[in-house]
Amino acid sequence: MLDPKFLRENIDLVRKGIARKKFQVDLDAVLAADEARRHAVAEFEVARSAQNAANKEMAALPKGSPEFQAKVVEMKTASAKVKELEKKVSEVEEQMKAVALSVPNIPHDSVPEGRTEADNQVVATWGDPAQLVSAAAKAHWDIAWFNKAIDFERGVKVTGAGFPFYVGDMARLVRALIQYFLEEAGSNGYTEVTRPLMVNAASATATGQLPDKEGQMYHAQTDDFYMIPTAEVPVTNFFRDEILDEASLPMKRCGYTPCFRREAGSWGAHVRGLNRLHQFDKVELVKWVHPDQSFAELELLRGDAERLLQKLNLPYRVLLICAGDIGFSHSKQYDLEVWAGGQKRWLEVSSCSNFTDFQARRAGIRFRPRMGNPSSSTPSTALASACRAFWRRSSRTTCSPTAPCASPRPCVAGTVRKPCRSKVALGWQGRVVGYVCFVSPALPSLPCSARNRCGLAAFSAGRTFTDGTYWVAVSGGADSVYLLLALWADETLRPRLRVLHFNHRVRGEAA
RNA sequence: GGAGAGGUGGCAGAGUGGUCGAUUGCACCUGACUUGAAAUCAGGCGAGCCGCAAGGCUCCGAGGGUUCGAAUCCCUCCCUCUCCGCCA
């Protein structure tokens with residue numbers, strides 16, 4: 001869903017973008033609906049404001065007095081008018097929503113022109129198929145042992161076509177690949193989540209499966225749940241209708257799920273064997289990033305996805321999808337295709353996309369800017385990028401202070417600031433879990449009162465780094481909080497405390 | 001599955017028809033005091049949308065209804081908790 005304001009103010013840009021995508025959308029109808037909506041809202045708000053004011057006056061009158069009674073009669077008409085306007089507002093908003101949802105995301109300038117997949121550009125290749133893959137390679141359905149290791153027939157008996165069993169070493173291979181992908185992602189800064197495999201209608205709507213693609217999902221009708229067609233659905237919906245702190249961006253999550261697709265309408269040779277199944281396994285990566293960073297983040301994701309294939313020594317090519325072939329909600333998309341020697345063709349194994357604010361808006365995921373005047377720091381819509389890729393290891397020095405924990409305010413190491421009052425509140429989710437007092441710049445100590453108050457288990461032995469910072473990990477405690485603190489002294493030998501990293505750990509996890 | 005209780009600002013918890021967008025406490029922010037803390041004191045402090053601003057609108061689980069007026073009364077749904085039963 002595009003920002004109505006953006007649409008209004010950049011109508012030609014949107015028109016051009018839609019034309020590049022070869023979509024047919026009546027933008028004038030959208031503009032008209034938007035105009036009608038804004039008009040109706042303004043009208044309603046004026047009337048409601050008058051009603052509110054009159055009601056307040058009325059409340060001050062003695063109840064049952066003639067003036068009061070007269071006011072009641074007078075207010076009846078005003079009330080009826082407000083109700084009428086309110087009804088109209090919800091009607092035009094409904095209309096606006098309906099037409100706005102029909103507008104696709106616009107392609108990025110770097111997306112090439114084109115109509116079909118034949119127009120996609122190969123932007124990179126890696127590995128020589130002739131060298132890495134035998135010319136005599138067979139398709140998997142022609143390999144006898146393969147057909148024992150993947151049991152289609154019993155899958156058909158137990159469930160139906162497209163639900164094979166993986167047996168023995170093949171089952172272990174599947175498990176190993178999932179494990180490998182997750183471990184790579186985890187070591188590259190993604191937080192792993194396990195997730196529901198069934199979602200409600202609201203979630204399926206937020207990520208765009210409903211209402212249009214309902215036929216692609218399995219539907220448990222008794223409880224009105226949908227089997228997820230991709231991990232993107234539960235992982236993205238994690239933050240649905242929430243406002244994130246800018247400091248928490250980029251937020252990176254990964255998750256493994258089986259995916260379930262009815263594949264209605266799929267047929268023919270290209271679905272043979274393992275090429276298309278009703279249930280398959282996928283490791284998904286989702287990032288919520290700052291709007292200014294989203295295209296740079298996309299490039300990083302693509303690089304990381306490529307690195308994974310390189311580590312597996314699989315020859316592949318990278319396609320930049322053309323405007324005519326790109327998805328409805330995508331702004332830019334790369335596909336990674338691996339050379340399948342047996343089938344003698346390239347097969348898509350990964351897709352990296354930037355949705356800009358399109359999907360985040362639909363899902364109601366926003367962020368609150370960190371800087372600036374509080375009164376003007378209205379939330380903006382965050383960007384969601386989803387792809388299967390991996391993230392660079394983050395360096396120690398890039399830890400960012402998170403909102404609830406820092407007092408004094410985080411400062412740049414080495415700069416001299418107002419002396420610390422040596423009262424430092426460490427909070428998690430709004431709760432203070434500890435006051436930490438340092439009586440000596442070199443040797444931090446924890447007063448008994450603080451121990452009692454916060455239940456912190458212990459300070460570990462600190463480490464002094466060459467830049468003069470003293471690092472102390474504080475772990476444990478009733479709230480299972482893990483803190484990494486840095487301490488240093490200025491010329492007055494006043495203690496300085498700076499929270500460099502603040503991270504919530506699950507109880508029992510090693511700090 | 002049966003019975004009961006309840007969903008209010010970061011948390012706790014008042015509020016049962018109008019001056020309530022909401023008492024109070026905790027937490028948080030600013031300042032005073034202090035060698036530094038703790039304690040204490042003074043002030044501030046929910047969120048979203050529109051607007052340059054002034055200001056306006058919306059939000060007390062969700063949706064409907066009653067009323068001039070709803071956090072408050074009625075209906076439906078969702079969710080949570082407790083007890084009993086049943087079952088991994």
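A note on names: the letters A, B, ... follow the listed sequences, proteins ahead of strands, and every chain is numbered from 1.
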Next on the checklist: Run Leu7(A) and Val30(A) through side-chain contact (heavy atoms from CB on, under 4.5 Å) and show every step you take.
Outcome noted: CA-CA 9 Å; Leu7(A) 188 108; Val30(A) 179; 3.5 Å; yes
Next on the checklist: Taking A22(B) as the reference, what is the distance to U58(B) when you measure between their C1' atoms (whole Å, please)?
Outcome noted: 15 Å
Next on the checklist: Taking G21(B) as the reference, what is the distance to G56(B) when you measure between their P atoms (whole Å, please)?
Outcome noted: 13 Å
Checklist entry - Which of parallel (below 30°), tilted (30 to 60°) and perpendicular (above 60°) describes Phe358(A) and Phe328(A)? => result perpendicular
Item to check | Separation of the P atoms in A54(B) and A42(B), to the nearest angstrom | outcome: 30 Å
Item to check | P spacing across the pair C84(B) / C75(B), given as an integer number of angstrom | outcome: 29 Å
Next on the checklist: From CE of Met96(A) over to P of C50(B), roughly how many Å is that when rounded to an integer?
Outcome noted: 13 Å
Checklist entry - In terms of side-chain heavy atoms, does Arg362(A) have a donor or acceptor partner in Gln359(A) at a distance below 3.5 Å? => result no
Checklist entry - Roughly how many Å is it from CD in Glu74(A) to P in G69(B), rounded to a whole number? => result 14 Å
Checklist entry - Considering only the P atoms, how many Å lie between C11(B) and C60(B), rounded to the nearest integer? => result 16 Å
Checklist outcome for this item: G51(B) -> Watson-Crick or G-U wobble partner, both distances under 3.5 Å, gives none
Checklist entry - What is the distance, rounded to the nearest whole Å, between atom NZ of Lys5(A) and atom C1' of C50(B)? => result 9 Å
Next on the checklist: Whole angstroms only, please: what is the CG-C1' distance between Asp34(A) and C50(B)?
Outcome noted: 13 Å
Next on the checklist: Let's test this: given Watson-Crick or G-U wobble pairing with both distances under 3.5 Å, identify the partner of A3(B).
Outcome noted: U82(B)
Checklist entry - Using a distance-only test with no angle check, is there a side-chain donor-acceptor pair under 3.5 angstrom linking Ser203(A) and Asn200(A)? => result yes
Next on the checklist: Give me the distance, rounded to whole Å, that separates C81(B) from A27(B) when you measure between the C1' atoms they each carry.
Outcome noted: 25 Å
Checklist entry - With rounding to whole Å, what would you report as the distance between U30(B) and C78(B) at their C1' atoms? => result 42 Å
Next on the checklist: Using side-chain contact (heavy atoms from CB on, under 4.5 Å), reason through Phe165(A) and Val158(A) one step at a time and then give a plain yes or no.
Outcome noted: CA-CA 9 Å; Phe165(A) 280 90; Val158(A) 172; 3.7 Å; yes
Checklist entry - For Pro291(A), does its backbone N or O pair with a side-chain atom of Asp357(A) as donor and acceptor, under 3.5 Å? => result no
Item to check | Distance, C1' atom - from U8(B) to A70(B), rounded to whole angstrom | outcome: 14 Å
Next on the checklist: With a 3.5 Å limit on both atom pairs, tell me what C87(B) is paired to, counting Watson-Crick and G-U wobble, or say none.
Outcome noted: none
Next on the checklist: Rounding to an integer number of Å, can you tell me how far Glu242(A) CD sits from A47(B) P?
Outcome noted: 16 Å
Checklist entry - If we call it a pair only when both distances are under 3.5 Å in a Watson-Crick or G-U wobble match, what pairs with U40(B)? => result A32(B)
Checklist outcome for this item: As its Watson-Crick or G-U partner within any shown strand, both distances under 3.5 Å, C26(B) has G10(B)
Checklist entry - Which nucleotides of nucleotides 55-68 of chain B have their base under 4.0 Å from a protein heavy atom (B), which only their sugar-phosphate (S), and which neither (-), written as one string 5' to 3'? => result -SSS--------BB
Item to check | Residue pair His278(A), Phe260(A): steps toward the ring-ring contact (aromatic ring centres under 6.0 Å, His included) verdict | outcome: CA-CA 5 Å; His278(A) 288 305; Phe260(A) 306 92; over 10 Å; no
Next on the checklist: Without decimals, in angstroms, what is the distance between His39(A) NE2 and C50(B) C1'?
Outcome noted: 16 Å
Checklist entry - Any Lys/Arg nitrogen of Asp28(A) or Arg15(A) sitting under 4.0 Å from an Asp/Glu carboxylate oxygen of the other? => result yes
